[in-house]
Amino acid sequence: MSAVLECPICLRWIDWDGTPPVVFGPDDRPEVLRKDPREDDVAWRTRLQTAYRPCSGVGSPDSHYLPYDYADYKAVIIGVFGESRSGKSHLVAAMISRLCANDAALRRLGLTVEPLDLRTHQQYMSRTVEPFIRGRRRLDPTQPLPVVFTDALKVTNRDGDAFAVSFFDVAGEQLERSDPEVRFFGSVNALLFVIDPDSIPGLTQPAATAIGDSTFEEALKRLGGRPAPGREFLHLPAALVVAKADLLRYSFDLVGEWMSRSGPAEETDLSTAEQESEDVYAFLVERRAEPWLRPAEKCYRSTLHFASATNVSATESTYGDGFGQRRVLKPLLALFAMAGVLNDELMRPVEGGEDAT
Ligand SMILES: Nc1nc2c(ncn2[C@@H]2O[C@H](COP(=O)(O)OP(=O)(O)O)[C@@H](O)[C@H]2O)c(=O)[nH]1
Ligand SMILES: [Mg+2]
Ligand SMILES: [Zn+2]
């Protein structure tokens, strides 16, 4: 029997070994890749590195193209939730930018990051990450489009275990209602909930009247429909991020304190995740924002974070002085630790807590 794999985007089964490799030609159209009988194995394998397997007919409009080697790695599929304008797309772009920096701090954690889906990755970097991070340009609102991976990366840990880490960042309105396009509720196995301080009454907007985030409720409802042992908890790890935390840092000392702790060494130190989670939780409870905490109550494991993708607000469509990313990597690394990409011992608080030297 040949291996089958579920398409993470549409949940249809793919006969993995029976599906021929496909490449995208110069006109961006998929075409079946054929081995030249005179071609040696090394050349063939090199060509396969940029190949895909379609979940349905080659060129068919509802086909999704998964990296040829996708099934070789354990899939970590991150669903990003939050209403429109909560800051999802800026946060994801900032996270991926930091993750792909492959800097010394990440190497100390033993992580190596490479593109998995080269075509998607290059498009995402050139259309989104680079204009934002290097060009300081504000990202346009995400369009409600057919769902595809935002990016897919191969992340290898210290033990040599490789993971296919992919992200779904779709338009908020597609998450709010039961959009038939959005089927990834059946495949995501790590959750990123983006809490918008602008929507919590009394934080940044005096006129805010929301009582929670409808996309969180929709996600918890639809994820809860999955068969799971226990049922009381969703057996999925979640990171809850209070985004745009730069807007809170001067009005709330607690947020200011966390936001002043930044930089590669701090962001890759997960031993403070528990303390930060407690602080964020208490902060939100004190401000009667319990509805935004539902994912933390529902998921069997969760962490909470303060982060800012920009550190300043945009003027017109660009970010000026002070632009930078603060604490964006830690929530993703915490998800990695909860999902088994990183050793979850890294989240054990250091004896003596914050005062330890
Ligand atoms: N001050 C501040 N504004 C942010 C931050 N992240 C996003 N924004 C703003 O929030 C708006 C919505 O962000 P976006 O990422 O597109 O939200 P999405 O609809 O959830 O994807 C944009 O206009 C951004 O300028 C942040 O960290 N700080
Ligand atoms: Mg968006
Ligand atoms: Zn599919």
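Each ligand, and each atom within it, is numbered from 1 in the order the structure gives. Index from 1, following the sequence.
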key: Shortest non-hydrogen separation from E218 to E176 and the atoms involved   = OE1-O, 3.8 Å

ask   = What's the shortest distance from atom 17 (O) of ligand 1 to any protein heavy atom, and which residue and atom give it?
value = G87 N, 3.0 Å

request  = Measure the distance from atom 23 (O) of ligand 1 to every protein heavy atom, then report the residue, atom name and distance (to 0.1 Å) of the closest one.
outcome  = R138 CD, 3.4 Å

ask   = Which atoms of ligand 1 sit under 4.0 Å from any heavy atom of E83?
value = 20 (O)

ask   = Which atom pair, heavy atoms only, marks the closest approach of R327 to A307?
value = O-CB, 3.3 Å

key: atom 8 (N) of ligand 1 - nearest protein heavy atom and its distance   = K244 CE, 3.9 Å

message = Under 4.0 Å, heavy-atom basis, I'd like to know which part of V312 is in contact with ligand 1: side chain, backbone, both or neither.
response = backbone

task = May I ask you to check whether Y73 and D161 show a side-chain donor-acceptor distance below 3.5 Å?
result = no

key: Any G82 heavy atom less than 4.0 Å from ligand 1   = no

message = Hydrogens and angles aside, do T120 and D151 bring a side-chain donor and acceptor to less than 3.5 Å of each other?
response = no

key: Identity and separation of the nearest protein heavy atom to atom 11 (C) of ligand 1   = R85 NH2, 3.9 Å

remark   = Ranked by distance from atom 24 (C) of ligand 1, the top protein heavy atom is Y319 OH, 3.4 Å

key: Per-atom contacts, ligand 1 versus S84 - under 4.0 Å to a heavy atom   = 19 (O)

task = Report the part of T310 in contact with ligand 1, treating N, CA, C, O as backbone and CB onward as side chain, heavy atoms under 4.0 Å; options are side chain, backbone, both, neither.
result = both

query = What angle sits at the Zn ion (ligand 3) between SG of C7 and SG of C55, to 10°?
reply = 120°

key: Closest non-hydrogen atom pair between V194 and G87, with its separation   = CG1-C, 4.1 Å

Sub-4.0 Å atoms of ligand 1 with respect to non-hydrogen atoms of S86 = 17 (O), 18 (P), 20 (O)

request  = Check H64 and report its N/O/S atom nearest to the Zn ion (ligand 3), by atom name.
outcome  = ND1

ask   = Among all protein non-hydrogen atoms, which one is nearest to atom 15 (O) of ligand 1, and what is the separation to 0.1 Å?
value = H90 ND1, 2.7 Å

request  = Would you name the heavy atoms of L116 and D69 that are closest together and state the gap between them?
outcome  = CD1-OD1, 3.7 Å

ask   = R348 and E345: salt bridge (Lys or Arg N to Asp or Glu O under 4.0 Å), yes or no, with the steps?
value = CA-CA 5 Å; R348 188 191 289 273; E345 284 291 305; 3.0 Å; yes

query = What protein heavy atom sits nearest atom 27 (O) of ligand 1, and how far off is it?
reply = A309 N, 2.9 Å

ask   = Do NZ/NE/NH1/NH2 and the carboxylate oxygens of D103 and R98 come within less than 4.0 Å?
value = yes

ask   = Under a heavy-atom criterion of less than 4.0 Å, does A243 contact ligand 1?
value = no

ask   = Closest heavy-atom contact between P20 and P54?
value = O-CD, 3.8 Å

message = Cation-pi check for Y68 against R53: NZ or CZ below 6.0 Å from the six-membered ring centre and within 45 degrees of the axis, yes or no?
response = yes

inquiry  = Any N/O/S atom from T142 (main chain or side chain) under 2.8 Å of the Mg ion (ligand 2)?
reply    = yes

key: ligand 1 contacted by R326 (non-hydrogen, < 4.0 Å)   = no

Residue, atom name and distance, where the atom is the protein heavy atom closest to atom 28 (N) of ligand 1 = D246 OD1, 2.7 Å

task = Report yes if some N/O of K88 lies less than 3.5 Å from some N/O of ligand 1; otherwise report no.
result = yes

ask   = Please walk me through it: do F336 and F163 pass side chain to side chain contact (heavy atoms under 4.5 Å, CB included)?
value = CA-CA 10 Å; F336 281 2; F163 297 81; over 6 Å; no

request  = Search all heavy atoms of V182 against all heavy atoms of R222 and return the closest pair with its distance.
outcome  = O-NH2, 3.1 Å

